[in-house]
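To start, the structure under review is shown below, and the notes come after it.
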Amino acid sequence: MSRLNWTTLRCDKSGPNCPEIAMDGDNKYLRDSGNPAYVAKFPVASVGTLEQTIRDGEI
């Protein structure tokens, strides 16, 4: 995995953990800012709904 440019999706400021997302080629990566060592990898084609759900604050 190359160096990724992480972007915070949503954070309610009530704690240190915010979802972050990065993109590299055909994949998107999701991690928790409070525990960045664990990264989930998704094909770009399948992550749109998940990303919107996070942005909307549903999870």
Side-chain angles (χ1 to χ4, degrees):
M1 185 173 15
S2 63
R3 289 187 178 192
L4 299 171
N5 184 20
W6 292 96
T7 302
T8 301
L9 291 179
R10 181 174 181 91
C11 189
D12 65 7
K13 310 273 190 251
S14 65
N17 302 334
C18 301
E20 297 179 322
I21 197 160
M23 188 170 169
D24 182 13
D26 293 329
N27 298 297
K28 282 195 175 182
Y29 302 86
L30 182 66
R31 72 179 185 184
D32 182 338
S33 63
N35 196 1
Y38 298 98
V39 177
K41 177 180 166 183
F42 301 92
V44 169
S46 69
V47 77
T49 301
L50 174 62
E51 185 177 348
Q52 190 60 49
T53 299
I54 293 168
R55 287 184 188 279
D56 291 344
E58 295 176 26
I59 57 172

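Annotation: the span from Glu20 atom CD to Asp32 atom CG amounts to 8.0 Å, rounded to 0.5 Å.
Under a 4.5 Å side-chain heavy-atom cut-off, the cluster of Ile, Leu, Val, Met, Phe, Trp and Tyr residues that includes Val44 is completed by Met23.
Side-chain atoms of Ile21 and Phe42, non-hydrogen and from C-beta on, never get closer than 4.5 Å to each other.
At most 12 non-hydrogen atoms from other residues, nucleotides or ligands lie less than 6.0 angstrom from CG of Asn5.
Taking each heavy atom of Gly34 and Pro36 in turn, the nearest pair found is C-CD, 3.6 Å. Scanning all heavy atoms of the two residues, the minimum distance from Leu4 to Ala22 falls at CB-CB, 3.7 Å.
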